[in-house]
K.L.:
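A single structure is presented below for examination.
Values below: every heavy atom of this structure, side chains too, minus hydrogens, waters and symmetry copies.
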Amino acid sequence: MQPQIILLKEGTESSQGKSQLISNINACQAIADCVRTTLGPRGSDKLIVNNNGNATISNDGATIMKMLDVVHPAARTLVDIAKSQDAEVGDGTTSVVLLAGELLRQVKPYIEEGVHSQVTIKAYRKATNLCIEKINEIAVTIGKTNEAEYRASLEKCAATAMSSKLIHGQKDFFKKMVVDAVLMLDTLLPLDMIGIKKVPGGGLEDTLLVQGVAFKKTFSYAGFEMQPKSYDNPKIALLNIELELKAERDNAEVRVSNVAEYQKIVDAEWGILYDKLDKIHQSGAKIVLSKLPIGDVATQYFSDRDMFCAGRVPEEDLKRTIKACGGSVLTTVGDLKDSTMGTCERFEEKQIGSDRFNFFTGCPHAKTCTVVLRGGAEQFMDETERSLHDAIMIVRRAMKNDAIVAGGGAIEMELSKYLRDVSRTIAGKEQLLIGAYAKALEVIPRQLCDNAGFDSTNILNKLRQKHAQGHKWYGVDIMNEDIADNFHECVWEPSLVKINALTAASEAACLILSVDETVKNPKSGGGDMGGMPAGRGRGRPM
């Protein structure tokens, strides 16, 4: 009799074969079911409470995925693709999870019947490449020659991105703001140059876009109220210097023999501080911003000379001020010249809600802007910020890649019809699997109908008929419970969103299909100790 070989540590869980693959597919379907109802303009929101008791209300796929504490190793793949879609494109995070889940759902019967997973993977990769070629072939390019038309098409992309969000009622108001914000940026379109500040109170319509920089008034000392609160064409000094008396180092030791020597040390310290302040004043700067604290002595000094100061300015705000007003952050006051200082047409401090904000407007080099968001509840403003982030990302993508397609399930139906036609020309198992891919693509229009309470079977049959007749842009019309030409109805999305979603979903599905064994190591430290009940010491029972 052969001796038994123990390879793995005791307590290791190992599962393999077809049952393991089916189990992974089921886990991924459960994840897809979590976000299924959030798709589209009539999607529901999810309220997620974390372990600290903080509630988040959102219908953004990536946000929900991040908040869910997924422990199943295969299901985590779907969380990762939602994050990658959010980072790369900004929108389509729910779609990508749904697509991946549906691709696996459609292939499950074939796996159960014994089709090898590698055959499936090959067919899925082929189908994805066919889809991407088709999208590139039928996508429409936005013309950049006519300024007004180009702007209108960007606004339509922004409105489509916001139509499924909490702020869809105000999308006409926000779409102009989002496009204005993105058009202000330089050619690289850096996202961190659009600042979003949230101020509780007021309505959504009170939200304003500042062409330049706005940030919350920093902590200030006595004497601050005497400083002027508005300037025209001021010089702005941006510093990384502490303008206050520093506390002595705990381990420093200075030995003095009489009081006069001690007084000299104190005077020298004050002398250094006043020397810095004099140099700043002589430079002609009217506004002093510092990353480090500005003490009470300095605040009083500046207010006596009609200068404005703000200490402990957050780094991101200081960077955006440099982008808008020019100048550079200095670590010494010895080099304060006009070339190293910024300027703007108007500086003022205004009250917004219960907070005071510093506004720098009319900036000469303005390649940055700030959105000051207003709204009632904290969660509502957080969700509005996420919605604006998605819309801003979409407009950036539409500017960088100027090809667009119709949304609302139109492009998915067209790809589904195209794949079905192609699959009939292929012999062998691939025909069935590419057909399964085609059926999986219909999940997007079907879910849009289900979330709005429509009869999805009826609407999908109408869509199949229209697409078979060659009307490639027909999709679901949520407003009239029917189908419509979504390109004509201006439901537009950058083609990159769809290409990225299909690629990521297909890759995730292929990755899960290629796993046939899971080995789970036992947790370290929790060996055999857990079995012993706790006694009262010296072996006595409880």
K.L.:
How close do R374 and G203 get, counting heavy atoms only, and between which atoms?
P.N.:
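So the two residues come closest at CB-O, 3.3 Å.
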K.L.:
Would you mind reporting whether I236 and Y231 have side-chain heavy atoms less than 4.5 Å apart?
P.N.:
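No. Closest side-chain heavy atoms not under 4.5 Å.
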K.L.:
Where does the angle between the aromatic ring planes of W473 and F487 fall among parallel (under 30°), tilted (30 to 60°) and perpendicular (over 60°)?
P.N.:
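Rings of W473 and F487: parallel, as their planes differ by under 30°.
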K.L.:
Do the ring planes of F359 and F357 sit parallel (below 30°), tilted (30 to 60°) or perpendicular (above 60°)?
P.N.:
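The arrangement is tilted - the two ring planes meet at 30° to 60°.
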K.L.:
Are the side chains of W492 and I142 in contact, using a 4.5 Å heavy-atom criterion?
P.N.:
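I142 vs W492: side chains apart.
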K.L.:
If you take all heavy atoms of S163 and K171, which pair is closest and at what distance?
P.N.:
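Shortest heavy-atom contact: CB-NZ, 3.7 Å.
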K.L.:
Are more than 12 heavy atoms from other residues, nucleotides or ligands located less than 6.0 Å from atom CG of N146?
P.N.:
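Result for CG/N146: enclosed.
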K.L.:
Give a yes or no on this: more than 12 heavy atoms of other residues, nucleotides or ligands lie within 6.0 Å of atom NZ of K319.
P.N.:
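Open: at most 12 neighbouring heavy atoms sit under 6.0 Å from NZ of K319.
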K.L.:
Which atom names give the shortest non-hydrogen contact between N358 and K217, and what distance separates them?
P.N.:
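Nearest pair, atom of N358 first, then K217: ND2-CA, 4.1 Å.
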K.L.:
Does the side chain of C28 reach to within under 4.5 Å of the side chain of T77, using non-hydrogen atoms?
P.N.:
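Of all side-chain heavy-atom pairs linking T77 with C28, none is under 4.5 Å.
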K.L.:
If you measure from CG on L204 to CG on L373, what distance do you get to the nearest 0.5 Å?
P.N.:
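It comes to 7.5 Å.
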K.L.:
Under 3.5 Å, is there a donor on one side chain and an acceptor on the other for E383 and S58?
P.N.:
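Yes, S58 and E383 have a side-chain donor paired with an acceptor closer than 3.5 Å.
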K.L.:
Is it true that K66 and D86 have a side-chain N and a carboxylate O under 4.0 angstrom from each other?
P.N.:
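Yes.
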K.L.:
Closer than 4.0 angstrom, basic N to acidic O: yes or no for R151 and E155?
P.N.:
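Salt bridge: yes.
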K.L.:
Before giving the answer on side chain to side chain donor-acceptor pair (under 3.5 Å), spell out for S230 and K350 the whole-Å C-alpha distance, their side-chain angles and the decisive distance to 0.1 Å.
P.N.:
CA-CA 9 Å; S230 63; K350 285 193 221 165; over 6 Å; no
K.L.:
Should the pair K126-E430 be classified as a salt bridge under the 4.0 Å nitrogen-to-oxygen rule?
P.N.:
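Yes, this pair counts.
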K.L.:
Can you measure from CD1 (I81) to CG (N500) and round to the nearest 0.5 angstrom?
P.N.:
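The CD1 atom of I81 sits 10.5 Å away from the CG atom of N500.
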K.L.:
Does the side chain to side chain contact (heavy atoms under 4.5 Å, CB included) test come out yes or no for E385 and V371, once each step is laid out?
P.N.:
CA-CA 10 Å; E385 184 185 3; V371 179; over 6 Å; no
K.L.:
Should L419 and L130 count as side-chain neighbours, where that means a heavy-atom distance under 4.5 Å?
P.N.:
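SC-SC contact between L419 and L130 confirmed.
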K.L.:
Can you tell me which residue among R446, K498, K439, K134 is in a salt bridge (charged side-chain N to carboxylate O under 4.0 Å, His left out) with E412?
P.N.:
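When R446, K498, K439, K134 are each tested with E412, the salt bridge (charged side-chain N to carboxylate O under 4.0 Å, His left out) holds only for K498.
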K.L.:
Might you confirm whether atom CD of Q431 has over 12 heavy atoms from other residues, nucleotides or ligands at distances under 6.0 Å?
P.N.:
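Check passes, neighbour count above 12.
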K.L.:
Looking at E378, I'd like to know if its CD atom is crowded, meaning that more than 12 non-hydrogen atoms belonging to other residues, nucleotides or ligands lie closer than 6.0 Å.
P.N.:
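Result for CD/E378: open.
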K.L.:
Can I444 and I411 be said to form a side chain to side chain contact (heavy atoms under 4.5 Å, CB included), step by step?
P.N.:
CA-CA 10 Å; I444 302 291; I411 184 76; over 6 Å; no
K.L.:
State whether K466 and D485 are salt-bridged, where the test is any N-O pair (Lys NZ or Arg NE/NH1/NH2 against Asp/Glu carboxylate O) under 4.0 Å.
P.N.:
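Between D485 and K466 there is no salt bridge, as every charged N stays at least 4.0 Å from the carboxylate O atoms.
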K.L.:
Tell me, yes or no, whether the heavy-atom count around K198 atom NZ, taken from other residues, nucleotides or ligands under 6.0 Å, exceeds 12.
P.N.:
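Above 12, so yes.
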K.L.:
Can a donor-acceptor pair be found between the side chains of D60 and T93 at a distance below 3.5 Å?
P.N.:
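Yes, a side-chain donor-acceptor pair sits under 3.5 Å.
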K.L.:
Working note: V79 + L68, criterion side chain to side chain contact (heavy atoms under 4.5 Å, CB included); need CA distance, chi angles, decisive distance, verdict.
P.N.:
CA-CA 9 Å; V79 180; L68 293 176; over 6 Å; no
K.L.:
Side-chain contact test, heavy atoms from C-beta onward, threshold under 4.5 Å: evaluate it for K175 versus M162 and give yes or no.
P.N.:
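They are in side-chain contact.
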K.L.:
Do other residues, nucleotides or ligands put more than 12 heavy atoms under 6.0 Å from the CD atom of Q351?
P.N.:
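Atom CD in Q351 is crowded, with more than 12 foreign heavy atoms closer than 6.0 Å.
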K.L.:
Hey, does the side chain of N59 reach the backbone of S164 with a donor-acceptor pair shorter than 3.5 angstrom?
P.N.:
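Between the backbone of S164 and the side chain of N59 there is a qualifying donor-acceptor contact (under 3.5 Å).
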K.L.:
So, for V96 and A82, which heavy atoms are closest and what is the spacing to 0.1 Å?
P.N.:
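Answer, listing the atom of V96 first, then A82: CG1-CA, 4.1 Å.
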K.L.:
Hey, is K462 close enough to D482 for a salt bridge, meaning N to O under 4.0 Å?
P.N.:
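Looking at D482 together with K462, the answer is yes, because their closest N to O distance falls below 4.0 Å.
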K.L.:
Between the main-chain N or O of V70 and the side-chain N or O of R76, is there a donor-acceptor pair closer than 3.5 Å?
P.N.:
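A pair under 3.5 Å: yes.
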K.L.:
May I ask you to decide whether K291 forms a salt bridge with E315, counting only side-chain N to carboxylate O separations under 4.0 Å?
P.N.:
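Result for this pair is yes, salt bridge flagged.
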K.L.:
Heavy atoms only: give me the nearest G407-N486 pair and the separation to one decimal.
P.N.:
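What the structure gives for the nearest pair is O-ND2, 2.9 Å.
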K.L.:
To the nearest 0.5 angstrom, please state how far the OG1 atom of T160 sits from the CG atom of D91.
P.N.:
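The CG atom of D91 is 9.5 Å from OG1 of T160, to the nearest 0.5 Å.
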K.L.:
What are the two closest non-hydrogen atoms of V115 and V119, and how far apart are they?
P.N.:
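Distance-wise, the nearest heavy atoms are CG1-CB, 4.3 Å.
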K.L.:
Scan R464, K417, R105 and name whichever one has a salt bridge (charged side-chain N to carboxylate O under 4.0 Å, His left out) with E442.
P.N.:
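That would be R464.
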K.L.:
Report the distance from atom SG of C131 to atom CG of L415, rounding to the nearest 0.5 Å.
P.N.:
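The CG atom of L415 is 4.5 Å from SG of C131, to the nearest 0.5 Å.
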K.L.:
Would you call V497 and R397 a side-chain contact if the rule is heavy atoms closer than 4.5 Å?
P.N.:
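No; the side chains remain at least 4.5 Å from each other.
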K.L.:
Do the charged groups of D338 and K235 touch, with an N to O distance under 4.0 Å?
P.N.:
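Yes, D338 and K235 are salt-bridged.
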K.L.:
The test is salt bridge (Lys or Arg N to Asp or Glu O under 4.0 Å); show your working for E414 and K472 and say whether it passes.
P.N.:
CA-CA 6 Å; E414 181 60 24; K472 61 184 176 189; over 6 Å; no
K.L.:
With a 4.0 Å cut-off on N to O distance, would you call D192 and R320 a salt bridge?
P.N.:
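Judged by the 4.0 Å cut-off on N to carboxylate O distance, D192 and R320 do not form a salt bridge.
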K.L.:
Is there a side chain to side chain contact (heavy atoms under 4.5 Å, CB included) between S416 and R420 once you walk through the steps?
P.N.:
CA-CA 6 Å; S416 177; R420 278 205 176 91; 3.1 Å; yes
K.L.:
I'd like to know if the side chain of Q447 pairs up with that of N451 as donor and acceptor (distance under 3.5 Å, no hydrogens or angles considered).
P.N.:
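On atom types as modelled, these side chains qualify, holding a pair under 3.5 Å.
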